[in-house]
Every structure is written in structure tokens, then in C-alpha cells.
Protein chains: 2
Amino acid sequence: MPQPTKTVTAGAAPALRRAIEVLDLLGSVHEPMAAADIARELGIPKSSAHGLIATMMEYELVIRGVDGRIRLGPRLMRWAGGFLGQTNLVSEFEHYFAGATELDDYTITLTVLEGREVVYIACHNSGQPLGLTFRIGMRLPAPYTATGKAQLSTISAGELERLFAEPKDWPAPLTHLGVGSLEQLSAELDAVRRNGYSIDAGQVREGMVCLGAPIKDHSGRALAGIAVSMIRSEATGPLLEALGERIRCAADTLTHRLGN
Amino acid sequence: MPQPTKTVTAGAAPALRRAIEVLDLLGSVHEPMAAADIARELGIPKSSAHGLIATMMEYELVIRGVDGRIRLGPRLMRWAGGFLGQTNLVSEFEHYFAGATELDDYTITLTVLEGREVVYIACHNSGQPLGLTFRIGMRLPAPYTATGKAQLSTISAGELERLFAEPKDWPAPLTHLGVGSLEQLSAELDAVRRNGYSIDAGQVREGMVCLGAPIKDHSGRALAGIAVSMIRSEATGPLLEALGERIRCAADTLTHRLGN
DNA sequence: TGGCTCGGTTCAGTATATTGAACTAAGTTC
DNA sequence: GAACTTAGTTCAATATACTGAACCGAGCCA
């Protein structure tokens, strides 16, 4: 009975799978696409794409612009609102940092891990210019961000390997400091586990330093990550260590408040 | 050939339709559900729900909590980010109101119309307590909100009737001031078209007054709505009129900046 | 403890969703 | 302005996804 091929069981709800692919595609290119382009890009028959997109339009998952091209629709915002409302992560985050006045001058962010990327679900941008304003819904490559490394430090070596073994799995570096190998990443994650907090020193943006820590579920796996960001010139040794402790402590408190 | 029943063509991509229903359901109840509950609630066979949910979990559209119950997953945030990034509505909004310092003390919101509701896609909450903090992803019934009325004022009478003809179509009022009939609403929308801005005086929250205006596309149909909110005691006649003009002017400018 | 309820999972048969091919229409090029 | 390319749409035939029924297993109550 050899059938060990881990084929992705492509035999259930194909319409749904394809719809997901369409939405991912539209989300990754940053402009609308013609229906025929979508079909070509995904390698599905034109007629199938046609029917699928018609149904998706009916529900406003996608909308057709004035030029006839397809773009993401507002229904997606409704679901995102449901996700944010269902998890109390965001409200706990808001509440906690509303009370942490000594961090008021820093930019604080909350993300969830999504594949090889982190997605920002809450942001407190301080007045201080970092060369980057975090926004809800924004995505960045996990291995370069502080929140991403914090979350990756809680998954198993096997899972990590599955995510980042191949060079093609690696997102393009954002600065010349981007890590590039599984060994390097996994050594760094060891350090994260030892210290209790993660560091991104200029891997996302030149001149920006971020410290992150994971919020964990009952099993110890990361549910989300938080980070504090500052400009490089401010990131002196003692302050860095103090803030690292601070963010680790914040993550632990939030982990606890969420019942874990 | 009598087959005039506008049956919702339930013969295309049923898996997708059902997945949408599942996500809507999970988004509307504010807690996780057991798979069997979902099947019962939607009136679909248990086995179908099982297969569907398995596929949805594979893509992290939904996730299974520690108690085995199903909740919305983080993938939805990614799509929302795509939607927000694709439209420059949000960035134009941010940019415009960042420069409008005379409105700094007011709460300003941006919504899109989604069926009978508006969804908040950007919010500037002022310090002033309104008894309600607007949050991204939040939904409110369109006919009670200023942004909703502003957007409804741009659709045809026929469409309006299709949305709100039946009493059962009306969302539950949020305060004792909620409108309740199509006639009343449509008279109010006439006034909105005359004045150029819409008013919600205590229909969303007792003691809160909001003024809204529509951002339009090339055809004159609303693309989004913006509103300014204040507490009732502040909403004196002259100020109200000035702010109404201001928000209408802001909406027109944004309409123009978006190329319409 | 033993029976019962209810959630989750599996599987073969059939109702039906997908698709290849054919067609229209609109833009583009020479 | 005519030929060509390409997007959008339609439809019957068939490959296949959904379903009903049956099977586990855990929790609950008497």
C-alpha cells in the first residue's frame, strides 16, 4: 500500500481551494487583474474561472472595477472584523499597553504568524519616525521581523525546516542584512529561546531596531507576537536589555491573561 | 418558459457558497462553534460540513481551538490587508486628515457599505469619550449611521427598496431613536442629497451625533463614506452646519483625489 | 457500571459541478 | 478597413464531489 506521496489531497471542495488561490493572488499582486489573467496565472480553464469569479462577485468577495478588472471586495473586511472580534488578543493588547505609560514613546505592534509571514493585527505607532509606519493588515516576512522570530522560536525544528529548507522558500531580504540560511536562522532562534526575546536589528528597515516576544497558547506554541521598535541610535546596550525584559514580561502577562 | 423565480442560481461552486456561509456564521456569533453546530445551523449534512471545514482548516480560514471548536483563522487578515492595500482609499483618508488639524479634536471614520451594514476600514478616535470607540473591522447597521446614510443616498430607489422593503430586513435599532420604515428612510435620504451631508443624531449611541458624506466613484455611486462624530452637547446649530459643510467638502476632495 | 447521547470520522453511489470547445465582441495592427 | 488577437460567455458530456448511513469514542447521567 505504498502511497506515501504527501499529495495535498486535492480532492475536496475544489471550488473553495481555487477561490482561495484567487484571493491570495489578488492580494499579492497590488493591482486588479483581468479574469483571463487570473485563469492563466493559476492554470485553470477560462470557463471555470468565469463561473468561480461570478459566484465570488455575487458575494462581494471580489468586485469588478470600471475597467472590468477584478479586485478584492469589501466582504473580506467583514470577516477580518469577525476574526479580530472573536479573539480577545487585540483588546487585551490595547488594554495592557494603554496602562504601560513608560512605553508610550515607543512603537508597539502585535502580529500573528501566517505561513512564512507575519500579519499585523494591532499597531501603536509612536510619534517617532522609524522610516516605516505599521498598519493593520500589513504583512512582512517572518524571519526578518522581531515578532516573526519570536513566534518561530516556539515551533519545532521539523516545522521550521519544512518552512525554510529550500532557498526558494526564503522571502527576498528587505535590507542587506537579511538572514539567508536555515542554520543561521535556527541558531538565532536558539538565542531567542535563551534570552526570552528576539531582536531585529535593521533587517526590516535600515536604522530600525525591534525587540519581540511570543504570546503563547496552552501548549507553548505562539499565538501571536508583540514587539517594541526604536531607531538605531537609541538602541544602546543597557536600554536594549531593559526593553527586552520588558517586552518578554508583557508577552508573559498577555499569555497569562488569555488563560494560558 | 415560466421560470421567473429569481432563485439564487444555487448551482455554481456550492462548496464556496457554503464556506462563505460558514465564515459569515462564525463572524456573526461572537464565539467558536462545534462543527456539528455549524452543520445544524446551516442545515447541511454533517459529513459535508466535516469535509468543508477540513479544507478550510488546511488553509487557516478557520482554526480549531483547544476545545475542538471552530473559530475564524488568521488567513482572513491577510486578505483584508490585501483589500486595504489595493484600494488607496485608506491612505488617501489618512493623508487628508493628517493635514486637517482643525478636525484633530473630532473622531473621524471611514466605512464601506456591505449589504445592509457599513464596515469600518479606518478610524481616528479623538480623545473625547463618545461612549463608543470605533475599530477597524467593526460593523454597524447602515440606516442608523451617518456614513451609511451618506452611502445609501447614492443608490437608486429600486435598490434601496430591495434592501429595506420588508420589516424583517431592518436591523434591530441600537437606541430608541432608530428609524423603522422605508418611507422615513427615503425621506431622510432626500434631505441628505439636498444638504450634501447626512446626520445621525443618537441613532447609533445616545448622546452621540455624527455627520457623514459619501466618497463617490465615476458614476456617482458611493465608494465609501466618511463621518465626523461628537457628543450631543457640543452639537450646536452653527457648528453642526459648519462641520457638515466641512465633511462634505472633505468627501468631495477625496472623490476627486481618487480620480473621480 | 452500563446505557445513552452526541460529536467526530469514514466510504461507496449518485447527483451535479466542472470543462473543453465553440461562439461573440471588442480592441489592435498593418 | 480587414485580418488577427484576446476577453468574455454559453452549454452538453463526464469526471468527481457531496451525501446518507453506518461506525467510533468520549462524556454524562442514573
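As the structure is a computational prediction, the values presented were derived from the model and not from experiment. Side chains are part of it too, since the values below use all heavy atoms of this structure and drop only hydrogens, waters and symmetry mates. By convention in this document, chain letters (A, B, ...) are assigned in the order of the sequence lines, proteins followed by strands, and residues within each chain are numbered from 1.
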Peer 1: Does the distance from a Lys or Arg side-chain N to an Asp or Glu carboxylate O, for A/R75 and B/D24, drop under 4.0 Å?
Peer 2: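 Looking at B/D24 together with A/R75, the answer is yes, because their closest N to O distance falls below 4.0 Å.
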Peer 1: Quick one: A/M57 CE to D/dG8 C1', roughly how many Å, whole number?
Peer 2: 11 Å
Peer 1: So, is A/R40 close to the D/dA7 phosphate, meaning a side-chain N or O under 4.0 Å from OP1 or OP2?
Peer 2: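 Result: yes.
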Peer 1: Of the nucleotides C/dT9, C/dG20, D/dG8, which one has an atom closest to the side chain of B/R64?
Peer 2: C/dT9
Peer 1: Grab the CG-P distance between B/L16 and C/dT16 for me, whole Å please.
Peer 2: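 Between P of C/dT16 and CG of B/L16: 18 Å.
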Peer 1: C/dG7, D/dT10, D/dA7: which one has an atom nearest the side-chain heavy atoms of B/D37?
Peer 2: C/dG7
Peer 1: Is the closest basic N to carboxylate O distance between A/E114 and A/R139 below 4.0 Å?
Peer 2: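 Result for this pair is no, no salt bridge flagged.
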Peer 1: Please report, rounded to the nearest Å, how far the P atom of C/dG8 is from the CE atom of B/M33.
Peer 2: 11 Å
Peer 1: What's the closest nucleotide to the B/K46 side chain, out of C/dT18, C/dG8, D/dG20?
Peer 2: C/dG8
Peer 1: I need the CD-P distance between B/E21 and D/dC18, as an integer number of Å.
Peer 2: 14 Å
Peer 1: Can you find a side chain N or O atom of A/H50 that sits less than 4.0 Å from OP1 or OP2 on D/dT9?
Peer 2: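 Answer yes for this pair, as a side-chain N or O of A/H50 is under 4.0 Å from OP1 or OP2.
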Peer 1: Take the protein atom CD1 of A/I53 and the nucleotide atom P of D/dG8, then report the distance between them rounded to whole Å.
Peer 2: 8 Å
Peer 1: In whole angstrom, give the distance that lies between atom CD of A/E41 and atom P of D/dA7.
Peer 2: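 It is 13 Å, rounded to the nearest whole Å.
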Peer 1: Starting from P on C/dG20, measure out to CD1 on A/I44 and report it in whole angstrom.
Peer 2: 11 Å
Peer 1: In whole angstrom, what separates B/L52's CG from C/dT9's P?
Peer 2: 14 Å
Peer 1: Identify which nucleotide among C/dG20, D/dT9, C/dT18 has an atom closest to any side-chain atom of A/S47, counting heavy atoms from C-beta outward.
Peer 2: C/dG20
Peer 1: Quick one: closest heavy-atom pair of B/A122 and B/V90, and the distance?
Peer 2: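 Heavy atoms only, the tightest pair is CB-CG1, 4.2 Å.
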Peer 1: State whether a side-chain donor-acceptor pair under 3.5 Å links A/T111 with A/Q151.
Peer 2: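 A donor-acceptor contact under 3.5 Å links the two side chains.
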Peer 1: Can a salt bridge be assigned to the pair A/R194 and A/D190 using a cut-off of 4.0 Å between side-chain N and carboxylate O?
Peer 2: no
